[in-house]
2 protein chains.
Amino acid sequence: MNIGEIAKRAGVSRSTVSYALSGKRTVSEATRRRILRVIDEAGYRPNASARALAEGRTRTIALVIPPAGRRLTPIQLGFVASVVAAAGLHELDVLLSPSGGEHDRSFERIISGRRVDGVILMEVRLQDARAARLRESGLPFVAIGHTADAGTGCWVDLDYEGLIGNCVHHLADLGHRAIALINRPQEFLDSGYGPARRALDGFTAAAAARSLTATAICCPDDAMAGEACVENLLAAHPAITGIVTANEAALPGMERSLRRLGRAVPGQISITGVVGRHWAEEFHPPLTAADVPISDMADRAVGLLVERISSPAGPERHILLTPPISLRSSTAPPVQRAECDPALPSQGSHAECLTS
Amino acid sequence: MNIGEIAKRAGVSRSTVSYALSGKRTVSEATRRRILRVIDEAGYRPNASARALAEGRTRTIALVIPPAGRRLTPIQLGFVASVVAAAGLHELDVLLSPSGGEHDRSFERIISGRRVDGVILMEVRLQDARAARLRESGLPFVAIGHTADAGTGCWVDLDYEGLIGNCVHHLADLGHRAIALINRPQEFLDSGYGPARRALDGFTAAAAARSLTATAICCPDDAMAGEACVENLLAAHPAITGIVTANEAALPGMERSLRRLGRAVPGQISITGVVGRHWAEEFHPPLTAADVPISDMADRAVGLLVERISSPAGPERHILLTPPISLRSSTAPPVQRAECDPALPSQGSHAECLTS
DNA sequence: TTGTAAGCGTTATCAC
DNA sequence: GTGATAACGCTTACAA
């Protein structure tokens, strides 16, 4: 069933059918109705490929995600779902492209085959080959995260530097003097992953400004690693009373080790950081943290992209978000360590620690 | 840059360029080389829309996922990533369609606009409107999960009934007499979600076969709910020594409540079930469970779909997988409850429970 | 071994 | 207000 068949049945030309559907030319109410009835009866829908060829646009965008091998974090998953939802509001479909390395089949296929009108890039690195490739191709794109060259291109990002800095100040304000940062994995830092780098910078600068004793460590993106990290950290630096984390995937493990060590939160150890809201709420006790505004970021990214597609010559907009710290229950003023020695976790009940 | 321009520069006709690229007709080595060089210099790639229009196929498949509102579980996320990866191996791109309800814009747009060559349907219900719609459209599709009418359509699914049954038998073999099932949310059961239904059936049947005291409860898909469920369950049925779970998202909460209640795993409570491998490994202690073979299922689903696309008249294949239970450390023979009374969780150290 | 030309199903530009 | 008709860029008989 194609537009020609509809035209024949309705006794009009193909162009009239097309215009009756698009409204780009006035069609008499009578013929319009007739056409619509025929279309309805036949269950006709325009062929997307033909339309794309004729219009020169596909009504589709690509979402470039990290490759399947590297497990996606829940935050990333959230982005995928939110971007798809936001795109749907603009009648845009979403093509998924798992692309990490340089040699990428799917990415290249999508870009150079003109399969999409624009691209949303996730997990952008400070130096990003995909961003460079896209710039060269002239295809509109917006990044979630930004490259070292913040001035060019469209992007929406979180102000990790400021956010982590705020966390440090929050702990300092409560009276903590020795704090630690649990950052994303070491290889992220090494490979120039912006959030990891900026988290470290923000942590170091704020800690220096407040004259705090600061320890920054990297931690793989999973619970087991989080468990080990916290354990090692507290063994090596027993004076630490505050932790700020940029690693949400490590959170369940952190909770586990703290409990095993008999360190009450926030009684003996305060924890804060920047993580997805869901993780903050599932932490025990609920985590005082800067919540990553996932769907907000996705909406803005799609909005920026839609704007860019419709006017490619327009200004390149950047959106840097600094969500506030949501006060929940995981931070408090530090307490004297002597009250409950973590070196002896199994000595009788921990009641006095838990309630201190 | 289009095929005509390449033809002109190489001094041949457009068809020769096309054939040089597709190999569907022999082209002399000399002209072939010349064409390829020109293509390379110009950075030419065939336009996907034009090709789709001419060939009548889009080289794209759709992956229908639950809508954004309902948070995707990590297993579902795993499917998305794995399907995309598997599709890539077949040079297929993946269009994401978040579709749950009946009236779905994106789903309809993709199906009736012929945007894809085939569809993979996730989270199929026993009665599924999308499956019905697809059957009516004639578009090849394979479901992950199967409808009540198991005989028709292509699908790959887990044998939840058998799997949960195996878990029950495993506990019975160890000597457990009173067990419980932590199932997916109540509304899933009510709305005819196959895995929830079949899990319940398998549990009930196997428990009856072994003359066990069995309690089945539903639990929302999150940690906090898991915490409450286990707490209520053990309060209401103190005799329970074994739990089988079909709900991986509740696992972290279950772990938490068990620890708080002072019930050692597997010392006092054995836990098993069917969950994603990652969750089983992150549980504490590592969970003895039937691991959901996510990427295997995704590979098979894509394989089935590719086969169906190339020969739509072929047989409708079904794949029912029954992965084995991976023995880890969360099950053991039951122990006399009197040794460690859970009603008094804070009475001194729990050492004797933990090591029992 | 290669070229010509007829589609594929739309949209959009001209006429009337 | 409506109908021809030419793109859009590619694939693929059909000829040569």
Side-chain angles (χ1 to χ4, degrees), chain A residues 1-36 38-39 42-60 91 93 109-117 139 310, chain B residues 1-36 38-39 42-60 91 93 109-117 139 310:
Chain A
M1 184 56 51
N2 60 27
I3 200 173
E5 183 62 25
I6 299 296
K8 192 182 300 175
R9 295 196 192 178
V12 295
S13 74
R14 295 181 322 190
S15 52
T16 303
V17 175
S18 177
Y19 285 120
L21 242 26
S22 72
K24 291 183 182 171
R25 177 164 103 174
T26 50
V27 173
S28 80
E29 191 53 28
T31 55
R32 178 193 167 67
R33 261 213 245 288
R34 183 154 33 95
I35 291 171
L36 257 30
V38 172
I39 284 177
Y44 162 79
R45 297 270 112 183
N47 177 302
S49 304
R51 189 206 284 253
L53 179 57
E55 283 190 326
R57 62 171 177 150
T58 60
R59 297 164 188 266
T60 305
E91 306 272 85
D93 286 318
R109 196 166 53 221
I110 289 172
I111 303 314
S112 49
R114 284 177 204 71
R115 295 182 70 84
V116 298
D117 300 333
L139 204 56
S310 64
Chain B
M1 182 58 50
N2 59 28
I3 201 173
E5 183 63 25
I6 299 296
K8 192 183 301 177
R9 295 195 193 180
V12 296
S13 75
R14 296 185 325 190
S15 57
T16 303
V17 176
S18 177
Y19 286 122
L21 242 25
S22 71
K24 290 183 182 172
R25 179 164 100 174
T26 50
V27 173
S28 79
E29 193 52 28
T31 56
R32 177 192 168 69
R33 263 214 241 290
R34 183 154 33 94
I35 290 171
L36 258 29
V38 172
I39 284 177
Y44 164 79
R45 295 271 114 180
N47 177 302
S49 304
R51 188 207 285 253
L53 180 57
E55 285 190 323
R57 63 171 177 155
T58 60
R59 296 164 188 269
T60 305
E91 306 273 84
D93 286 319
R109 196 166 54 222
I110 289 173
I111 304 314
S112 51
R114 284 178 202 70
R115 296 182 69 85
V116 298
D117 300 334
L139 205 55
S310 63

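Just so it is clear: chains get the letters A, B, ... in the order the sequence lines come, proteins before strands, and each one is counted from 1. The model shown is predicted, which means the values in this text are computed figures rather than measured ones.
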Which residues satisfy the side-chain hydrogen bond (donor to acceptor under 3.5 Å, both in side chains) test with [X], sequence neighbours excluded?
X	answer
D117(B)	T58(B)
E91(A)	R105(B), R109(B)
S112(A)	none

For this session: Would you mind reading off the bend of the helix from dT1(C)-dA16(D) to dC16(C)-dG1(D) from its two end axes, five pairs each, to 10 degrees?
Result: 40°
Check: residues 3-11 of chain B side-chain donor-acceptor pairs under 3.5 Å, at least two apart:
| residue | atom | partner | partner atom | Å |
| --- | --- | --- | --- | --- |
| E5(B) | OE2 | R9(B) | NE | 3.2 |

Seminar exercise, completed: For residues 12-22 of chain A, the side chain to side chain donor-acceptor pair (under 3.5 Å) pairs (sequence neighbours left out) are S13(A)-S15(A), S13(A)-T16(A)
For this session: Would you mind listing every salt bridge (Lys or Arg N to Asp or Glu O under 4.0 Å) that reaches into residues 42-57 of chain B, with sequence neighbours excluded?
Result: E55(B)-R57(B), E55(B)-R59(B)
For this session: Determine, for nucleotides 10-16 of chain C in 5'-to-3' order, which nucleotides have protein heavy atoms under 4.0 Å from the base (write B), from only the sugar-phosphate (write S), or from neither (write -).
Result: BBBBB--
For this session: List for me each residue that meets side-chain contact (heavy atoms from CB on, under 4.5 Å) alongside A54(B), sequence neighbours excluded, and say none if there are none.
Result: none
Exercise. Who pairs with A48(B) by side-chain contact (heavy atoms from CB on, under 4.5 Å), at least two apart in sequence or on another chain?
Worked result: R115(A)
For this session: Answer whether the closest heavy-atom distance between the side chains of I111(A) and L139(A) falls below 4.5 Å.
Result: yes
For this session: Send over the distance from L53(B) CG to dA6(C) C1', rounded to a whole Å.
Result: 13 Å
Exercise. With a 4.0 Å cut-off on heavy atoms, is T31(B) in touch with a base, just the backbone sugar-phosphate, or nothing at all?
Worked result: sugar-phosphate
For this session: Provide the start and end nucleotides, 5' to 3', of the part of DNA chain D that has atoms under 4.0 Å from heavy atoms of chain B.
Result: dG9(D) to dC14(D)
Problem set entry | Residues in salt bridge (Lys or Arg N to Asp or Glu O under 4.0 Å) contact with R25(A), at least two apart in sequence or another chain | none
